[in-house]
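Both counts, for ligands and for their atoms, begin at 1 and track the order of listing. Only heavy atoms go into these numbers, but all of them, side chains included; no hydrogens, no water, no symmetry mates.
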Amino acid sequence: MSATDLAAIAQTMVARGRGVLAADESNATITKRFGALDIESTEENRRAYRDTLLSTPGIEEFISGVILYDETIRQSSADGTPFPKMLESKGILPGIKVDTGSKPLALDNDEQVTEGLDGLRERIEEYVSLGAKFAKWRAVIIIDEEKGFPSDYAIRCNAHALARYGALCQEGGLVPIIEPEVMMDGANDIDTCYDVTLKTQQRVFLELAAQRVDLRGMVLKPNMVISGKGSSTQASAQEVADRTLDLLYRTVPAAVPGIAFLSGGQSAEVATEHLDLMNKQGPHPWALTFSYGRALQDAALRTWKGSSENVAEAQKVASHRASLTSAAATGTYSRDMETAGV
Ligand code: 5MM
């Protein structure tokens with residue numbers, strides 16, 4: 001695939017008012033999410049849940065692409081249509097998580113590095129044949145001020161792996177989503193989140209350049225700059241938007257077509273409000289949109305609850321959430337839209 005083709009896919013992923021649904025929970029993660037609602041995590045239940053989300057009527061107005069998990073990309077909708085084909089027929093790009101998870105970093109102490117580079121060239125070839133157009137790799141950067149985390153070592157290792165993955169994707173014809181996630185669950189304040197995210201993104205862009213990744217054919221999926229969940233001082237929504245924008249202007253070259261945020265455990269409303277406040281200050285050099293997992297799915301999953309009788313209602317909830325998140329991607333969201341038309 002040419003650089004122009006990759007750039008066109010990246011542009012489509014972040015087209016105005018559209019964003020990415022992260023539905024790539026590994027079996028371990030979806031089992032945890034199901035477990036909290038007493039839903040059994042069988043292969044059929046996972047398929048039925050993903051089918052509910054992906055076949056939501058009209059979802060293509062708000063969702064440009066869906067990140068699938070290895071099991072899901074091989075599954076089909078109730079009528080037998082493989083999920084990638086079903087998405088394509090709705091004008092939604094199928095994507096695939098290609099990392100194999102974060103593991104303890106060797107000779108370190110509780111920090112993580114994401115694995116999955118071995119055999120990745122061959123796996124990419126197979127995913128392309130299954131219909132994937134883009135990929136995702138998530139690096140986990142932990143803040144723990146007492147332990148001195150993150151170390152430079154952890155940031156360097158993760159940035160290097162992200163760039164190696166990015167280069168392999170572009171060589172093999174997939175647009176890489178580059179996801180360096182600075183975790184939001186520490187006790188740190190917003191200043192520490194800013195400093196760590198700055199250091200991480202600077203290192204990531206250095207590695208991307210060193211490893212010849214074409215910035216026009218990628219999408220960045222960062223965390224927002226936010227107070228840690230365990231911090232006694234919580235920054236206001238406006239401060240989160242301002243500090244996140246300030247950081248992005250310092251780190252992300254204008255050649256990157258779009259930034260699709262992760263939600264990272266923020267509630268759906270808060271994640272939506274933050275994105276909206278950033279877009280109200282636009283236009284920016286890059287599109288600012290979403291690649292949310294929990295913030296798009298939580299309410300729909302709670303409604304579905306593992307029962308086919310709830311599919312229509314869960315789809316209504318999924319569609320409403322996606323429409324609000326889409327509004328935030330154009331800076332036209334307001335809190336009263338949460339209850340309007342439900
Ligand atoms: C959908 O969740 C993904 C989880 O992957 P693992 O099961 O391998 O942990 C995750 O990577 C997700 O794509 C991003 O973190 C964004 O999701 P949130 O919920 O943070 O918006």
Side-chain angles (χ1 to χ4, degrees), residues 13 19-36 41 46 49-50 52-54 62-73 83 93-104 112-116 123 132 134-143 158 161-162 165 175-186 193 197 200 219-226 228-229 240 244 258-275 288-302 318 321-322 324-326 328-329:
M13 289 165 68
V20 174
L21 166 65
D24 59 311
E25 297 85 358
S26 57
N27 284 351
T29 301
I30 198 76
T31 299
K32 211 164 74 190
R33 307 248 191 278
F34 277 11
S41 183
R46 295 191 291 270
Y49 173 58
R50 266 66 180 252
T52 300
L53 290 178
L54 306 188
F62 317 116
I63 300 295
S64 58
V66 178
I67 315 172
L68 303 168
Y69 180 56
D70 182 77
E71 176 183 271
T72 325
I73 200 170
F83 282 138
L93 297 166
I96 181 75
K97 179 223 294 293
V98 300
D99 68 66
T100 54
S102 64
K103 306 281 157 56
Q112 307 269 310
V113 67
T114 301
E115 295 191 346
R123 287 196 292 126
F134 68 93
K136 191 201 89 172
W137 177 290
R138 170 173 171 254
V140 176
I141 305 293
I142 299 163
I143 301 181
N158 276 293
L162 268 172
Y165 139 82
V175 168
I177 292 185
I178 303 285
E179 181 179 0
E181 176 173 5
V182 176
M183 300 299 285
M184 300 176 179
D185 51 8
C193 181
T197 307
T200 302
V219 170
L220 179 71
K221 176 167 175 171
N223 54 286
M224 297 177 190
V225 176
I226 199 164
K229 270 212 192 105
V240 170
T244 305
I259 294 164
F261 290 100
L262 58 93
S263 58
Q266 303 174 78
S267 72
E269 292 81 359
V270 169
T272 308
E273 186 179 11
H274 287 156
L275 177 62
L288 287 187
T289 187
F290 56 90
S291 174
Y292 294 164
R294 285 162 287 179
L296 279 173
Q297 292 188 51
D298 279 356
L301 177 59
R302 280 195 308 271
R321 192 68 250 154
L324 299 185
T325 319
S326 156

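Near K97, meaning under 4.0 Å from one of its heavy atoms, ligand 1 places the atoms 5 (O), 6 (P), 8 (O). Set against the non-hydrogen atoms of G264, the atoms of ligand 1 under 4.0 Å away are 18 (P), 20 (O), 21 (O). Distances below 4.0 Å separate heavy atoms of E181 from the following atoms of ligand 1: 15 (O). With ligand atoms numbered from 1 in the order given, ligand 1 contributes 6 (P), 7 (O), 9 (O) to contacts under 4.0 Å with heavy atoms of T29. Within the listing of ligand 1, atoms 21 (O) sit less than 4.0 angstrom from a heavy atom of Y292.
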For this session: List the steps, then state whether side chain to side chain contact (heavy atoms under 4.5 Å, CB included) holds for R294 with R33.
Result: CA-CA 10 Å; R294 285 162 287 179; R33 307 248 191 278; 3.5 Å; yes
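Distance alone, capped at 3.5 Å, is enough to place a donor-acceptor pair between the R123 side chain and the V98 backbone. Side-chain atoms of Y165 do not come within 3.5 Å of backbone N or O of I178 as any donor-acceptor pair. Using a distance-only test at 3.5 Å, with no hydrogens or angles considered, a donor-acceptor pair links the side chain of Q266 to the main chain of S263. Under the 3.5 Å distance criterion, the side-chain polar atoms of R138 are left unmatched by any main-chain donor or acceptor of T114.
No option in L53, V20, L296 other than L296 meets the side chain to side chain contact (heavy atoms under 4.5 Å, CB included) test with I63.
Residue S263 has at least one N or O atom closer than 3.5 Å to an N or O atom of ligand 1. The distance criterion of under 3.5 Å between nitrogen or oxygen atoms is not met by R33 with respect to ligand 1. An N or O contact shorter than 3.5 Å links G293 to ligand 1 by distance.
Looking at atom 1 (C) of ligand 1, its nearest protein heavy atom turns out to be D24 OD1, 3.2 Å. For atom 16 (C) of ligand 1, the closest heavy atom belonging to the protein is K221 NZ, 3.4 Å.
In summary, the side chains of R321 and T272 do present a donor paired with an acceptor at a separation below 3.5 Å, with no hydrogens or angles considered. Side-chain contact annotation: N223 with T197, donor-acceptor N/O pair under 3.5 Å present.
The parts of E25 lying near ligand 1 are both backbone and side chain, judged by heavy-atom distances below 4.0 Å.
Among Q266, K136, E179, K32, the residue whose heavy atom sits closest to atom 11 (O) of ligand 1 is K136.
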